[in-house]
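Notes follow once the structure below has been shown.
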Amino acid sequence: MAQKPNSIVHVEFHSTAPEKTKAFLSDVFGWKFQDMPEMNYSMFDPPSAPGGGLQKAENLPAGVLDYILSENIDRTLGKIRASGGTVLMPKTEIPGMGWFAVFNDPTGIALAVYEAQPRPRAARAKPRRAAKKASARGRKRGRRSR
């Protein structure tokens, strides 16, 4: 099932001791983690969506950050500001995946928005008629040269 805009699509744990948190979640819930050393990040995929990630608490305090899917992150950030929210981290690229931004709602709850990178369009196949005509022309030319 496709993820729908304005739904929570990713959960991120910020831990002061990521390896300890990872071991705890693996022991208690059986979660498997995939380390992404180039990003100092570990992805997890629980039995039901959404999945998420684990990282060292550095730019944000220890806790949980929920990511909400946006169709247009710039427009969503404008609505956040207009509704009394504060942008904590501006739109930032996640190479090969999309963009995210972190914000506080008017009461101080930290949340994030995520916009997926558009998928490249598949190359269009040649119409069959043109291919058939070309092969028929080739057969006709072959007969003439005999």
Side-chain angles (χ1 to χ4, degrees), residues 1-139 141:
M1 186 159 87
Q3 296 173 316
K4 296 180 181 177
N6 304 324
S7 299
I8 294 175
V9 293
H10 188 79
V11 176
E12 193 169 80
F13 297 112
H14 294 252
S15 172
T16 55
E19 292 304 316
K20 190 173 183 178
T21 300
K22 191 187 316 182
F24 174 80
L25 294 171
S26 293
D27 290 345
V28 176
F29 301 108
W31 292 0
K32 305 285 186 239
F33 287 83
Q34 178 184 357
D35 292 333
M36 303 173 77
E38 68 280 1
M39 295 175 63
N40 293 321
Y41 201 79
S42 295
M43 296 288 292
F44 65 86
D45 196 13
S48 297
L54 169 67
Q55 68 180 23
K56 185 161 181 61
E58 293 177 330
N59 297 333
L60 295 169
V64 178
L65 185 64
D66 292 320
Y67 283 71
I68 301 166
L69 184 61
S70 171
E71 290 181 302
N72 182 310
I73 202 167
D74 294 314
R75 191 174 326 133
T76 301
L77 290 173
K79 290 169 92 174
I80 287 167
R81 288 183 190 98
S83 296
T86 306
V87 176
L88 301 175
M89 187 179 295
K91 179 180 176 181
T92 304
E93 183 177 7
I94 307 167
M97 295 180 74
W99 301 267
F100 78 99
V102 180
F103 66 96
N104 273 350
D105 83 338
T107 69
I109 297 172
L111 296 162
V113 286
Y114 169 73
E115 179 182 344
Q117 181 175 332
R119 291 189 174 149
R121 291 185 176 185
R124 294 180 73 181
K126 284 186 177 180
R128 291 184 145 226
R129 288 182 183 167
K132 284 183 180 179
K133 284 181 183 179
S135 66
R137 275 188 239 127
R139 282 192 298 258
R141 286 186 187 137

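- Summarising the geometry of Pro46 relative to Gly51, their closest heavy-atom pair is CD-CA, 3.5 Å, with the distance given to 0.1 Å.
- Taking the side chain as every heavy atom from C-beta outward, Asn40 and Lys56 never approach each other to under 4.5 Å.
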task: Output, in order, the C-alpha distance, side-chain angles, deciding distance and verdict of side chain to side chain contact (heavy atoms under 4.5 Å, CB included) for Leu88 and Phe103.
output: CA-CA 5 Å; Leu88 301 175; Phe103 66 96; 5.5 Å; no
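- Atoms NZ and NZ, on Lys32 and Lys22 in that order, are 13.0 Å from each other to the nearest 0.5 Å.
- To the nearest 0.5 Å, atom CG of residue Asp66 and atom OH of residue Tyr114 are 15.5 Å apart.
- The environment of CE in Met97 is sparse: at most 12 heavy-atom neighbours from other residues, nucleotides or ligands sit within 6.0 Å.
- Heavy-atom minimum distance, Leu60 versus His14: CD1-CE1, 3.8 Å.
- Between the NE2 atom of His10 and the CD1 atom of Ile68 there is a distance of 13.0 Å, given to the nearest 0.5 Å.
- Taking CG of Leu65 as the reference point, atom CD of Gln55 lies at 8.5 Å (rounded to 0.5 Å).
- The aromatic rings of Phe24 and Phe29 lie perpendicular to each other, with more than 60° between the two planes, well past the 30° mark.
- In this structure the side chain of Leu54 reaches within 4.5 angstrom of the side chain of Phe33, judged on heavy atoms.
- Put simply, the side chain of Ser15 gets close to the backbone of Ala17: a donor and an acceptor are under 3.5 Å apart.
- In terms of heavy-atom proximity, Glu93 sits nearest to Trp99 at CA-CD1, 3.5 Å.
- The aromatic rings of Tyr67 and Phe100 lie tilted to each other, with the angle between the two planes from 30° to 60°.
- Atom CG of Leu69 sits about 7.5 Å away from atom CG of Asn6, to the nearest 0.5 Å.
- Between the Asp35 side chain and the Pro37 main chain, no donor and acceptor come within less than 3.5 Å of each other.
- Ser83 places no side-chain N or O within donor-acceptor distance of the main-chain N or O of Arg81, the cut-off being under 3.5 Å.
- In terms of the salt bridge (Lys or Arg N to Asp or Glu O under 4.0 Å) criterion, Glu71 has no residue partners (sequence neighbours excluded).
- When all heavy atoms of Val113 and Ser70 are compared, the closest pair comes out as CB-CB, 4.5 Å.
- Ile73 contributes atom CD1, which lies 8.0 Å from atom CD1 of Ile80 (distance to the nearest 0.5 angstrom).
- Of all heavy-atom pairs spanning Phe44 and Gly53, the tightest one is CE2-N, 3.3 Å.
- In terms of heavy atoms, Thr16 sits closest to Ala57 at N-CB, 4.3 Å.
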